[in-house]
Each structure stands twice: as C-alpha cells, then as structure tokens.
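I have placed the structure first, in the form of structure tokens, so that the comments after it can refer back to it.
Every chain is numbered from 1 and lettered A, B, ... according to where its sequence line falls, protein lines coming before strand lines.
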Amino acid sequence: MPELPEVETTLRGLIPALVGDTVSNVDIRTSGLRFPFPHDLSSKIKNRRVTSINRRAKYLLISLEGDLVLLSHLGMSGRMRVFTKGDKIPPIDKHDHVIFRTLRGTEVRFNDSRRFGALDLVSVKKLETHAFICNLGPEPLSESFNGAMLAARLFEKKTNIKTALLDQRTIAGLGNIYACEALYHANLSPRRGAYTIQGKRAERLASSIQRVLRAAIKAGGASLRDFRQSDGGLGYFQHQFAVYGRENELCPRCNVANHPQGCIKRIVQNGRSTFHCSQWQR
DNA sequence: ATTGGTTCCTGCTGGC
DNA sequence: TGCCAGCAGGAACCAA
C-alpha cells in the first residue's frame with residue numbers, strides 16, 4: 001500500500017527515466033479511476049518536456065514544460081512501472097490504465113488494480129490551492145518538522161493518536177503501516193488521546209516517524225500484496241516491521257526479553273486495524 | 001468545525 | 001479441492 005516511502009521509491013525510479021524527456025504519446029485506457037481523468041489529459045501533456053518530478057505527501061508531482069503539473073496518487077494498489085528502450089515489454093495488463101510514452105522510447109504504465117488512484121492536471125500557480133494539496137499537513141521529512149511542531153498540531157485533536165496520524169491534515173504521508181510502526185518505536189499507545197502527546201513524548205514520536213520513514217525509503221518501501229518499485233522489483237521494508245501484521249507474535253524487544261507469549265495485539269480503530277505491543281506502548 | 005462511519009474497487013485469504 | 005464471503009486500505013463524502 002503506497003504510503004510516503006513507497007511513493008518516494010516510485011519517485012526515485014521515475015526521475016532518471018523521465019526528467020528531460022518529452023511525452024510523445026498518452027494511451028488512456030480507462031475514463032478515470034477514483035475520479036474521472038481530465039478530458040484533455042492527452043492533448044495537454046503531449047509534446048511537453050518533463051522538467052522535474054517531486055513528491056508532496058503521497059502525491060507525485062510531475063512538472064511539465066509550460067508550468068503544468070501532472071498530479072498522481074497511487075491509492076491502494078497503484079504502481080508506476082518504467083520500461084526503457086530495449087527492455088522487454090510485457091503485454092498490456094487489464095489494470096494498465098494509462099501508458100505514457102516518450103521521445104526517447106521510455107514507457108511508463110500507471111497500473112492500479114483496485115482503482116483508488118487518481119490523476120489530475122493543474123497549473124503551477126494553482127498547485128497549492130488544488131483540492132488534493134491544499135489541506136495537507138507538514139512533510140515529516142522536511143527540515144522544519146520536529147516534536148514541537150507535531151505537539152502543536154496534536155494538541156487541538158480530540159481523537160486518539162493513531163487516528164490523528166492517519167489524518168493527512170495533521171501530518172502528511174503516513175498510512176496504516178507507518179502510523180503503527182512509528183507509535184511502536186515511540187513506545188506510545190495507539191489509544192492515547194492525541195492531545196496528550198506533548199513535550200518529550202512528541203519529540204520521541206517525531207523522531208520515530210522520521211526514523212521509520214527513512215529506513216523504509218532505504219529498503220525501497222514495503223511490498224505486501226501490491227507495491228512494486230518502478231523497475232518491477234520488490235521493496236524490503238516489510239521484513240523490518242516490528243508490529244504491523246504480526247498479531248500474537250513477539251515484538252522485537254519482547255523477543256529479546258524472552259517473553260513467553262505474543263505481545264502484539266490487533267485492535268480496530270475507526271475501522272482500521274492497529275497493531276501494537278501491549279507491553280511497551282503506553 | 002471536527003469526527004467517525006461509509007463507500008468506492010478488486011484480489012487475496014480463510015473457512016466451510 | 002473449490003467456492004465465496006469477508007477483509008484490506010486512502011481519502012472523499014456525509015451525517016451528527
């Protein structure tokens with residue numbers, strides 16, 4: 001499930017493949033996914049050069065010549081698969097919804113089996129006010145992100161900390177996996193009221209968030225069912241999960257302490273599974 | 001205004 | 001072994 005590290009991994013695969021090259025052809029095979037695609041998507045981006053590619057939260061921002069930005073969200077199961085000239089190109093899959101081709105012979109396929117992904121076009125000057133972008137909270141890997149900033153944002157919240165971390169307006173880029181993992185590494189109970197995360201606890205949580213995201217990016221993201229890097233390779237961070245998906249197992253620290261039985265519990269918060277260690281997270 | 005529940009979609013899993 | 005109900009999850013939407 002693409003969260004910030006998976007989108008960052010995708011970004012790092014797209015940059016060398018696309019930046020500096022020019023879109024020559026856009027094959028749109030579906031009228032839309034979560035939302036209808038812009039009706040003029042193909043004509044708007046054809047013959048434009050890709051000037052840069054960036055990430056904001058879980059969105060890819062593909063900047064094109066002429067102050068145009070192609071926004072993409074990978075949803076639950078979206079992938080951007082890159083084939084460069086000379087690669088063996090597989091047959092088109094039924095979930096290859098948009099295929100971008102370039103002058104240099106690169107092909108990028110936006111594949112999304114669960115169809116929760118999105119694509120939109122916006123001018124650079126309207127980017128910050130675009131509906132996808134305008135309510136996003138701070139980037140956890142930015143220079144300015146720290147415990148004090150996080151504490152201030154959590155202080156207003158009446159919900160539990162796990163739910164607050166999933167809300168992209170609080171902090172942008174975390175999904176279910178990294179919210180669970182960050183709370184574990186910060187020794188904080190997912191049930192705790194968000195407003196109680198202040199001072200030292202907020203420092204701990206902020207640094208845990210950064211640490212887990214950086215480690216996941218380094219591992220090329222996590223591949224559970226769906227995620228693949230843009231070259232088709234797997235991410236490896238799932239092997240470093242401390243709690244996610246490990247109900248009734250021992251967390252790393254309980255394992256060291258040789259506890260007799262599984263410490264990792266699964267609870268449901270707002271309809272989402274939360275995995276946490278009943279021994280260490282308070 | 002904020003929050004929690006529901007919904008979209010498809011593929012995989014687990015229980016019978 | 002095979003089938004199918006149920007689950008998974010991001011975020012928009014809606015209702016309270």
Side-chain donor/acceptor contact of A:R272 with base of C:dG10 under 3.5 Å: yes
Paired runs of 3 or more consecutive Watson-Crick or G-U pairs involving DNA chain B, with both pairing distances under 3.5 Å, are B:2-16 with C:2-16
Residues at least two apart in sequence or cross-chain that pass ring-ring contact (aromatic ring centres under 6.0 Å, His included) with A:Y59, listed by chain then number, are A:H73, A:F132
For residues 263-280 of chain A, the side-chain hydrogen bond (donor to acceptor under 3.5 Å, both in side chains) pairs (sequence neighbours left out) are A:K162-A:T274, A:T163-A:N270, A:R266-A:S273, A:Q269-A:T274
For A:N135, the side-chain hydrogen bond (donor to acceptor under 3.5 Å, both in side chains) test, sequence neighbours excluded, returns none
side-chain hydrogen bond (donor to acceptor under 3.5 Å, both in side chains) filter on A:T30, not counting sequence neighbours, yields A:H97
Separation of B:dT3 atom P from A:Q269 atom CD, nearest Å, is 14 Å
Side-chain atoms of A:R115 come closest, of C:dG10, B:dC9, B:dG11, to B:dC9
Atom CG of A:N135 and atom P of B:dT3 are separated, to the nearest Å, by 14 Å
Which of A:R253, A:R201, A:R204 passes side chain to side chain donor-acceptor pair (under 3.5 Å) with A:N187? It is A:R253
Between A:K94 and B:dG11, is there a contact of a side-chain N or O with OP1 or OP2 at under 4.0 Å? yes
A:L74 CG to B:dT10 P, in whole Å, measures 18 Å
Expected list for residues 149-168 of chain A near DNA chain B, using heavy atoms below 4.0 Å, is A:K157, A:K158, A:T159
The complete set of side-chain hydrogen bond (donor to acceptor under 3.5 Å, both in side chains) pairs with one or both residues in residues 122-133 of chain A, sequence neighbours excluded, reads A:D120-A:H130
- Task: Could you tell me whether the side chain of A:R246 and the main chain of A:F241 form a donor-acceptor pair under 3.5 Å?
- Result: yes
_With a cut-off of less than 4.0 Å, is there a side-chain N or O of A:H95 near OP1 or OP2 of B:dG11?_
yes
Sorted by chain and residue number, the salt bridge (Lys or Arg N to Asp or Glu O under 4.0 Å) partners of A:R211 (sequence neighbours excluded) come out as none
For A:R282, the salt bridge (Lys or Arg N to Asp or Glu O under 4.0 Å) test, sequence neighbours excluded, returns none
Practice prompt. Establish, with yes or no, whether the OP1 or OP2 oxygen of C:dA8 is under 4.0 angstrom from a side-chain nitrogen or oxygen of A:S273.
Written response: yes
Rounded to whole Å, CD of A:E247 lies from C1' of B:dG14 at a distance of 14 Å
In whole angstroms, the gap separating C1' of B:dG4 from CZ of A:R191 amounts to 17 Å
Applied to residues 199-222 of chain A, the ring pair (Phe, Tyr, Trp, His ring centres under 6.0 Å) test, sequence neighbours excluded, yields none
CZ of A:R49 to CG of A:D21, rounded to nearest 0.5 Å, is 10.0 Å
Across all chains, not counting sequence neighbours, the salt bridge (Lys or Arg N to Asp or Glu O under 4.0 Å) partners of A:E156 are none
note: A:K58, atom NZ; C:dG10, atom P; distance rounded to Å ~ 5 Å
Hey, quick one: are A:F37 and A:I133 part of the same hydrophobic cluster, counting side-chain heavy atoms closer than 4.5 Å, chains of contacts allowed?
no
From the candidates B:dG5, B:dC9, B:dG11, the one with an atom nearest any side-chain atom of A:F116 is B:dC9
**Message:** Any base atoms under 4.0 Å from A:G175, or only sugar-phosphate, or nothing? Heavy atoms, all strands.
**Reply:** sugar-phosphate
Of B:dT10, B:dG4, B:dC8, the nucleotide closest to the side chain of A:R114 is B:dT10
note: A:R79, atom CZ; B:dT10, atom P; distance rounded to Å ~ 15 Å
Contact list (N/O, under 3.5 angstrom) for nucleotides 12-16 of chain C vs protein:
from	atom 1	to	atom 2	distance (Å)
C:dA12	O4'	A:R34	NH2	2.9

**Message:** Under 4.0 Å from OP1 or OP2 of C:dA11: is there any side-chain N or O of A:H73 that close?
**Reply:** yes
Distance check: side-chain N/O of A:R266 vs OP1/OP2 of C:dA8, anything under 4.0 Å? yes
note: A:N176, atom CG; C:dA8, atom P; distance rounded to Å ~ 10 Å
